[in-house]
Number of protein chains: 2
Amino acid sequence: MTTMKAAQRQAQAKEEYNAFLAVCPSRQLLDRISDKWVVLILCALGGDAAPQGPGAPRAMRYSELSRLLAGVSQKMLTQSLRSLERDGLLTRTVTPTVPVTVTYELTDLGLSLHRTTREIRYWAQAHMGEVLAHRDDYDTSAS
Amino acid sequence: MTTMKAAQRQAQAKEEYNAFLAVCPSRQLLDRISDKWVVLILCALGGDAAPQGPGAPRAMRYSELSRLLAGVSQKMLTQSLRSLERDGLLTRTVTPTVPVTVTYELTDLGLSLHRTTREIRYWAQAHMGEVLAHRDDYDTSAS
DNA sequence: GTGCCTACTTCCCGTTGGAGAGTTTCTCTC
DNA sequence: GAGAGAAACTCTCCAACGGGAAGTAGGCAC
(Lines give C-alpha, C1' and ligand atoms only; values in the text may rest on other atoms or scores of the structure.)
Protein backbone atom coordinates (compact mmCIF):
# COMPACT_ATOMS: atom_id res chain seq x y z
CA MET A 1 0.00 0.00 0.00
CA THR A 2 2.78 2.40 0.87
CA THR A 3 4.44 1.62 -2.45
CA MET A 4 1.54 3.26 -4.29
CA LYS A 5 1.51 6.94 -4.97
CA ALA A 6 -1.29 8.89 -3.38
CA ALA A 7 -2.95 9.66 -6.71
CA GLN A 8 -3.01 5.99 -7.63
CA ARG A 9 -4.41 5.01 -4.28
CA GLN A 10 -7.16 7.57 -4.55
CA ALA A 11 -8.05 6.54 -8.10
CA GLN A 12 -8.35 2.97 -6.92
CA ALA A 13 -10.34 3.98 -3.88
CA LYS A 14 -12.85 5.75 -6.07
CA GLU A 15 -13.49 2.43 -7.76
CA GLU A 16 -13.69 0.43 -4.57
CA TYR A 17 -15.77 2.61 -2.28
CA ASN A 18 -19.34 3.66 -2.95
CA ALA A 19 -21.08 5.81 -0.35
CA PHE A 20 -24.50 4.89 -1.73
CA LEU A 21 -24.10 1.42 -0.24
CA ALA A 22 -25.07 1.18 3.40
CA VAL A 23 -22.33 -1.31 4.22
CA CYS A 24 -19.52 0.67 2.59
CA PRO A 25 -17.07 2.18 5.09
CA SER A 26 -17.11 5.41 3.10
CA ARG A 27 -20.79 5.70 4.02
CA GLN A 28 -19.85 5.77 7.68
CA LEU A 29 -17.22 8.38 6.98
CA LEU A 30 -19.77 10.44 5.06
CA ASP A 31 -22.17 10.17 7.99
CA ARG A 32 -19.47 11.47 10.30
CA ILE A 33 -18.43 14.46 8.23
CA SER A 34 -22.00 15.37 7.25
CA ASP A 35 -22.41 16.95 10.67
CA LYS A 36 -22.98 20.60 11.48
CA TRP A 37 -20.38 20.73 14.24
CA VAL A 38 -17.77 18.89 12.18
CA VAL A 39 -18.24 21.33 9.30
CA LEU A 40 -17.98 24.33 11.61
CA ILE A 41 -14.93 22.96 13.44
CA LEU A 42 -13.10 22.42 10.16
CA CYS A 43 -14.07 25.92 9.02
CA ALA A 44 -12.87 27.44 12.29
CA LEU A 45 -9.53 25.64 12.33
CA GLY A 46 -9.17 26.37 8.61
CA GLY A 47 -9.13 30.06 9.43
CA ASP A 48 -12.52 30.96 7.97
CA ALA A 49 -13.69 32.69 11.12
CA ALA A 50 -11.42 35.71 10.86
CA PRO A 51 -13.60 38.83 10.76
CA GLN A 52 -11.83 40.31 7.74
CA GLY A 53 -12.34 37.40 5.36
CA PRO A 54 -10.73 33.96 5.47
CA GLY A 55 -7.32 33.86 7.09
CA ALA A 56 -4.73 31.13 7.32
CA PRO A 57 -5.38 27.85 9.14
CA ARG A 58 -4.12 27.93 12.71
CA ALA A 59 -4.18 25.98 15.93
CA MET A 60 -6.94 26.91 18.35
CA ARG A 61 -7.64 26.21 21.99
CA TYR A 62 -10.68 24.32 23.23
CA SER A 63 -12.13 27.42 24.86
CA GLU A 64 -11.53 29.46 21.71
CA LEU A 65 -13.46 26.95 19.60
CA SER A 66 -16.17 26.80 22.23
CA ARG A 67 -16.64 30.56 22.05
CA LEU A 68 -16.47 30.68 18.26
CA LEU A 69 -18.99 27.92 17.55
CA ALA A 70 -21.88 29.65 19.22
CA GLY A 71 -24.31 27.16 20.71
CA VAL A 72 -22.14 24.06 20.74
CA SER A 73 -22.37 22.01 23.92
CA GLN A 74 -19.14 21.02 25.63
CA LYS A 75 -20.09 17.39 25.23
CA MET A 76 -20.52 17.61 21.47
CA LEU A 77 -17.43 19.74 21.00
CA THR A 78 -15.25 17.26 22.88
CA GLN A 79 -16.89 14.30 21.13
CA SER A 80 -16.52 15.79 17.66
CA LEU A 81 -12.91 16.81 18.24
CA ARG A 82 -12.03 13.32 19.49
CA SER A 83 -13.56 11.59 16.49
CA LEU A 84 -11.80 13.99 14.13
CA GLU A 85 -8.53 13.25 15.92
CA ARG A 86 -9.15 9.53 15.68
CA ASP A 87 -9.73 9.86 11.94
CA GLY A 88 -6.50 11.81 11.50
CA LEU A 89 -8.12 15.09 10.46
CA LEU A 90 -6.67 17.08 13.32
CA THR A 91 -4.10 16.81 16.08
CA ARG A 92 -4.67 17.38 19.78
CA THR A 93 -1.79 18.88 21.75
CA VAL A 94 -1.72 19.14 25.51
CA THR A 95 0.68 21.71 27.01
CA PRO A 96 1.14 21.33 30.78
CA THR A 97 0.83 24.99 31.64
CA VAL A 98 -1.45 25.98 34.46
CA PRO A 99 -4.24 25.61 33.87
CA VAL A 100 -3.57 23.05 31.17
CA THR A 101 -3.69 24.27 27.56
CA VAL A 102 -5.12 22.02 24.85
CA THR A 103 -4.79 23.07 21.22
CA TYR A 104 -6.25 21.55 18.08
CA GLU A 105 -4.80 21.92 14.59
CA LEU A 106 -5.79 20.54 11.19
CA THR A 107 -3.55 17.92 9.61
CA ASP A 108 -2.92 17.84 5.86
CA LEU A 109 -5.83 15.44 5.56
CA GLY A 110 -8.03 17.82 7.53
CA LEU A 111 -6.93 20.73 5.37
CA SER A 112 -7.92 18.81 2.24
CA LEU A 113 -11.44 18.30 3.62
CA HIS A 114 -11.59 21.89 4.79
CA ARG A 115 -11.48 23.02 1.16
CA THR A 116 -14.93 21.54 0.63
CA THR A 117 -16.46 22.31 4.04
CA ARG A 118 -15.49 25.94 3.41
CA GLU A 119 -17.51 25.74 0.20
CA ILE A 120 -20.50 24.36 2.08
CA ARG A 121 -20.46 27.22 4.55
CA TYR A 122 -19.98 29.78 1.78
CA TRP A 123 -22.87 28.28 -0.12
CA ALA A 124 -25.16 28.46 2.90
CA GLN A 125 -24.27 32.10 3.52
CA ALA A 126 -24.36 33.13 -0.13
CA HIS A 127 -27.69 31.47 -1.03
CA MET A 128 -29.51 32.11 2.22
CA GLY A 129 -31.58 34.85 0.61
CA GLU A 130 -32.79 32.64 -2.22
CA VAL A 131 -33.72 29.86 0.18
CA LEU A 132 -35.64 32.20 2.48
CA ALA A 133 -37.46 33.71 -0.51
CA HIS A 134 -38.45 30.26 -1.70
CA ARG A 135 -39.67 29.25 1.73
CA ASP A 136 -41.99 32.25 1.76
CA ASP A 137 -43.39 31.31 -1.65
CA TYR A 138 -43.84 27.73 -0.54
CA ASP A 139 -45.59 28.64 2.70
CA THR A 140 -47.97 31.14 1.11
CA SER A 141 -48.93 28.89 -1.78
CA ALA A 142 -49.50 25.99 0.58
CA SER A 143 -52.00 27.86 2.70
CA MET B 1 -33.65 42.96 -4.40
CA THR B 2 -34.52 41.75 -7.85
CA THR B 3 -32.75 44.76 -9.29
CA MET B 4 -29.42 43.46 -7.97
CA LYS B 5 -27.35 41.06 -9.97
CA ALA B 6 -26.83 37.63 -8.44
CA ALA B 7 -23.13 38.26 -7.88
CA GLN B 8 -23.84 41.44 -6.00
CA ARG B 9 -26.46 39.83 -3.88
CA GLN B 10 -24.14 37.00 -2.96
CA ALA B 11 -21.29 39.34 -2.14
CA GLN B 12 -23.61 41.25 0.17
CA ALA B 13 -24.91 38.05 1.70
CA LYS B 14 -21.38 36.99 2.57
CA GLU B 15 -21.11 40.14 4.62
CA GLU B 16 -24.48 39.79 6.29
CA TYR B 17 -24.66 36.12 7.17
CA ASN B 18 -22.25 34.29 9.44
CA ALA B 19 -22.85 30.62 10.09
CA PHE B 20 -20.69 30.69 13.22
CA LEU B 21 -23.44 32.60 15.00
CA ALA B 22 -26.16 30.42 16.47
CA VAL B 23 -28.92 32.90 15.69
CA CYS B 24 -27.92 33.42 12.05
CA PRO B 25 -30.38 31.90 9.56
CA SER B 26 -27.45 30.56 7.54
CA ARG B 27 -26.59 28.42 10.55
CA GLN B 28 -29.98 26.74 10.31
CA LEU B 29 -29.45 26.21 6.61
CA LEU B 30 -26.02 24.72 7.29
CA ASP B 31 -27.57 22.38 9.87
CA ARG B 32 -30.08 21.24 7.29
CA ILE B 33 -27.61 20.52 4.49
CA SER B 34 -25.02 18.98 6.80
CA ASP B 35 -27.05 15.78 6.79
CA LYS B 36 -26.06 12.43 5.39
CA TRP B 37 -29.35 11.86 3.57
CA VAL B 38 -29.43 15.35 2.13
CA VAL B 39 -25.90 14.93 0.76
CA LEU B 40 -26.74 11.55 -0.74
CA ILE B 41 -30.04 12.76 -2.25
CA LEU B 42 -28.29 15.66 -3.94
CA CYS B 43 -25.58 13.31 -5.22
CA ALA B 44 -28.17 10.88 -6.54
CA LEU B 45 -30.26 13.51 -8.32
CA GLY B 46 -27.05 15.12 -9.57
CA GLY B 47 -26.30 11.94 -11.49
CA ASP B 48 -23.37 10.74 -9.40
CA ALA B 49 -24.80 7.29 -8.90
CA ALA B 50 -24.35 6.09 -12.47
CA PRO B 51 -22.15 2.97 -12.39
CA GLN B 52 -19.79 4.23 -15.07
CA GLY B 53 -18.76 7.48 -13.44
CA PRO B 54 -20.86 10.60 -12.88
CA GLY B 55 -23.63 11.12 -15.41
CA ALA B 56 -25.92 14.04 -16.02
CA PRO B 57 -28.43 15.22 -13.42
CA ARG B 58 -31.87 13.73 -13.99
CA ALA B 59 -35.27 13.40 -12.39
CA MET B 60 -35.79 10.31 -10.28
CA ARG B 61 -38.77 8.58 -8.78
CA TYR B 62 -39.31 8.12 -5.06
CA SER B 63 -38.86 4.37 -5.31
CA GLU B 64 -35.70 4.80 -7.36
CA LEU B 65 -34.16 7.04 -4.72
CA SER B 66 -35.30 4.66 -2.02
CA ARG B 67 -33.47 1.80 -3.71
CA LEU B 68 -30.36 3.83 -4.46
CA LEU B 69 -29.85 5.28 -0.98
CA ALA B 70 -29.38 1.93 0.70
CA GLY B 71 -30.60 2.02 4.28
CA VAL B 72 -32.72 5.16 4.18
CA SER B 73 -36.07 4.83 5.94
CA GLN B 74 -39.20 5.93 4.07
CA LYS B 75 -39.86 8.46 6.78
CA MET B 76 -36.50 10.16 6.48
CA LEU B 77 -36.52 10.07 2.68
CA THR B 78 -39.92 11.76 2.53
CA GLN B 79 -38.96 14.24 5.23
CA SER B 80 -35.65 15.17 3.61
CA LEU B 81 -37.21 15.53 0.16
CA ARG B 82 -39.95 17.80 1.52
CA SER B 83 -37.50 20.10 3.28
CA LEU B 84 -35.34 20.28 0.15
CA GLU B 85 -38.45 21.14 -1.86
CA ARG B 86 -39.45 23.81 0.64
CA ASP B 87 -35.99 25.35 0.37
CA GLY B 88 -36.18 25.41 -3.43
CA LEU B 89 -33.38 22.91 -4.03
CA LEU B 90 -35.57 20.44 -5.88
CA THR B 91 -39.01 20.15 -7.45
CA ARG B 92 -41.61 17.50 -6.73
CA THR B 93 -43.82 16.46 -9.62
CA VAL B 94 -46.85 14.23 -9.27
CA THR B 95 -48.03 12.47 -12.42
CA PRO B 96 -51.50 10.91 -12.07
CA THR B 97 -50.64 7.63 -13.73
CA VAL B 98 -51.74 4.47 -12.06
CA PRO B 99 -50.30 3.96 -9.62
CA VAL B 100 -49.29 7.56 -9.09
CA THR B 101 -45.75 8.56 -10.14
CA VAL B 102 -43.80 11.13 -8.14
CA THR B 103 -40.52 12.44 -9.51
CA TYR B 104 -37.93 14.71 -7.94
CA GLU B 105 -35.50 16.89 -9.85
CA LEU B 106 -32.82 19.38 -8.80
CA THR B 107 -33.45 23.06 -9.45
CA ASP B 108 -30.63 25.39 -10.50
CA LEU B 109 -30.14 26.22 -6.84
CA GLY B 110 -29.95 22.52 -6.02
CA LEU B 111 -27.48 21.96 -8.83
CA SER B 112 -25.23 24.69 -7.44
CA LEU B 113 -25.15 22.95 -4.06
CA HIS B 114 -24.66 19.58 -5.70
CA ARG B 115 -21.26 20.75 -6.95
CA THR B 116 -20.00 20.78 -3.37
CA THR B 117 -21.90 17.77 -2.02
CA ARG B 118 -20.36 15.80 -4.88
CA GLU B 119 -16.96 16.89 -3.59
CA ILE B 120 -17.86 15.73 -0.08
CA ARG B 121 -18.78 12.28 -1.30
CA TYR B 122 -15.71 12.06 -3.50
CA TRP B 123 -13.52 13.09 -0.57
CA ALA B 124 -15.02 10.41 1.67
CA GLN B 125 -14.49 7.73 -0.94
CA ALA B 126 -11.02 8.90 -1.97
CA HIS B 127 -9.59 9.32 1.54
CA MET B 128 -11.27 6.36 3.19
CA GLY B 129 -8.01 4.40 3.16
CA GLU B 130 -6.06 7.11 4.94
CA VAL B 131 -8.74 7.52 7.57
CA LEU B 132 -8.94 3.76 8.23
CA ALA B 133 -5.15 3.57 8.46
CA HIS B 134 -5.08 6.39 10.96
CA ARG B 135 -7.82 4.79 13.04
CA ASP B 136 -5.73 1.65 13.31
CA ASP B 137 -2.69 3.65 14.46
CA TYR B 138 -4.82 5.53 16.95
CA ASP B 139 -6.42 2.40 18.38
CA THR B 140 -3.15 0.49 18.74
CA SER B 141 -1.25 3.36 20.32
CA ALA B 142 -4.10 4.03 22.73
CA SER B 143 -4.08 0.48 24.11
C1' DG C 1 -64.93 -7.99 -3.10
C1' DT C 2 -59.88 -9.07 -2.77
C1' DG C 3 -55.50 -7.97 -3.92
C1' DC C 4 -51.73 -5.16 -5.49
C1' DC C 5 -49.18 -1.00 -6.61
C1' DT C 6 -46.76 3.55 -5.28
C1' DA C 7 -45.99 6.88 -2.16
C1' DC C 8 -46.54 8.07 1.79
C1' DT C 9 -48.11 8.54 7.22
C1' DT C 10 -48.33 6.93 11.93
C1' DC C 11 -46.79 4.72 16.01
C1' DC C 12 -43.41 2.89 19.08
C1' DC C 13 -39.04 2.87 20.92
C1' DG C 14 -33.96 3.06 21.22
C1' DT C 15 -30.19 6.35 20.40
C1' DT C 16 -28.49 10.92 20.17
C1' DG C 17 -27.85 15.68 21.44
C1' DG C 18 -28.49 19.59 24.74
C1' DA C 19 -28.40 21.87 29.52
C1' DG C 20 -26.17 22.25 33.39
C1' DA C 21 -23.75 20.76 37.41
C1' DG C 22 -19.67 18.36 39.10
C1' DT C 23 -14.47 17.08 38.71
C1' DT C 24 -9.48 17.71 38.56
C1' DT C 25 -5.22 20.16 39.16
C1' DC C 26 -2.74 23.83 40.11
C1' DT C 27 -1.96 28.70 41.41
C1' DC C 28 -3.05 33.06 43.40
C1' DT C 29 -5.37 35.72 47.08
C1' DC C 30 -6.43 36.90 51.72
C1' DG D 1 -3.90 27.40 54.87
C1' DA D 2 -8.77 27.92 53.35
C1' DG D 3 -11.04 29.46 49.47
C1' DA D 4 -11.56 31.30 44.88
C1' DG D 5 -10.68 30.70 40.13
C1' DA D 6 -9.44 28.96 35.57
C1' DA D 7 -9.25 25.27 31.57
C1' DA D 8 -10.89 21.28 29.84
C1' DC D 9 -13.41 18.12 30.37
C1' DT D 10 -17.01 14.35 32.45
C1' DC D 11 -21.48 12.97 34.21
C1' DT D 12 -26.40 12.97 34.71
C1' DC D 13 -30.91 13.80 33.28
C1' DC D 14 -34.30 14.68 29.79
C1' DA D 15 -36.31 15.93 25.34
C1' DA D 16 -35.97 15.36 20.50
C1' DC D 17 -34.63 12.83 16.55
C1' DG D 18 -34.19 8.68 13.58
C1' DG D 19 -35.16 3.72 12.41
C1' DG D 20 -38.55 -0.23 11.78
C1' DA D 21 -42.70 -1.86 10.92
C1' DA D 22 -47.36 -1.51 10.16
C1' DG D 23 -51.24 1.17 8.38
C1' DT D 24 -53.45 4.42 4.67
C1' DA D 25 -55.32 6.26 0.05
C1' DG D 26 -56.64 5.91 -4.66
C1' DG D 27 -57.19 3.25 -8.72
C1' DC D 28 -57.22 -0.82 -11.52
C1' DA D 29 -57.14 -5.91 -12.39
C1' DC D 30 -59.24 -10.24 -11.52
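All chains are named by letter (A, B, ...) in the order of the sequence lines, taking the proteins before the strands, and each is independently numbered beginning at 1.
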(Q) Can you give me the first and the last nucleotide of DNA chain D (5' to 3') that has an atom within less than 4.0 angstrom of a non-hydrogen atom in chain A? (A) D:dA6 to D:dT10
Q. Taking protein heavy atoms under 4.0 Å as touching, what does nucleotides 9-26 of chain C look like 5' to 3' if B marks base contact, S marks sugar-phosphate-only contact and - marks none?
A. B-B-----BB--B----S
**Q.** A:Leu106 side chain reached by A:Leu89 side chain, heavy atoms, under 4.5 Å
**A.** no
(Q) For a quick check under 3.5 Å, do A:Tyr122 and B:Thr116 share a side-chain donor-acceptor pair by atom type? (A) no
Q | Test salt bridge (charged side-chain N to carboxylate O under 4.0 Å, His left out) applied to A:Arg58 and A:Glu64, step by step | A | CA-CA 12 Å; A:Arg58 69 183 176 85; A:Glu64 196 176 357; 2.8 Å; yes
Q) Would B:Tyr138 and A:Arg86 count as having a side-chain donor-acceptor pair, cut-off 3.5 Å? A) no
Q) Under 4.0 Å between a side-chain N or O of B:Tyr104 and OP1 or OP2 of C:dC8? A) yes
Q: Verify the contact: side-chain N or O of B:Thr97 to OP1 or OP2 of C:dT6, cut-off strictly under 4.0 Å; return yes or no.
A: no
Q.
Main chain of A:Phe20, side chain of A:Arg27: is a donor-acceptor contact present, judged purely on distance under 3.5 Å?
A. yes
Q.
Can you see whether A:Arg32 engages A:Gln28 through a side-chain donor-acceptor pair at a distance of less than 3.5 angstrom?
A. no
**Q.** Separation of C:dA7 C1' from B:Leu77 CG (nearest whole Å)
**A.** 10 Å
Q.
Could you check whether any side-chain N or O of B:Thr107 sits under 3.5 Å from a backbone N or O of B:Gly88, counting only pairs where one atom can act as donor and the other as acceptor?
A. yes
**Q.** Close side-chain approach of B:Ser80 to B:Ile41, heavy-atom, < 4.5 Å
**A.** yes
Q. Which angle, to the nearest 10 degrees, lies between the helix axes at the two ends of the helix from C:dG1-D:dC30 to C:dC30-D:dG1, each defined by five pairs?
A. 30°
Q) Is the number of heavy atoms from other residues, nucleotides or ligands within 6.0 Å of CG (B:Asp136) greater than 12? A) yes
Q | Whether A:Ser112 side chain and A:Leu109 backbone form a donor-acceptor pair below 3.5 Å | A | yes
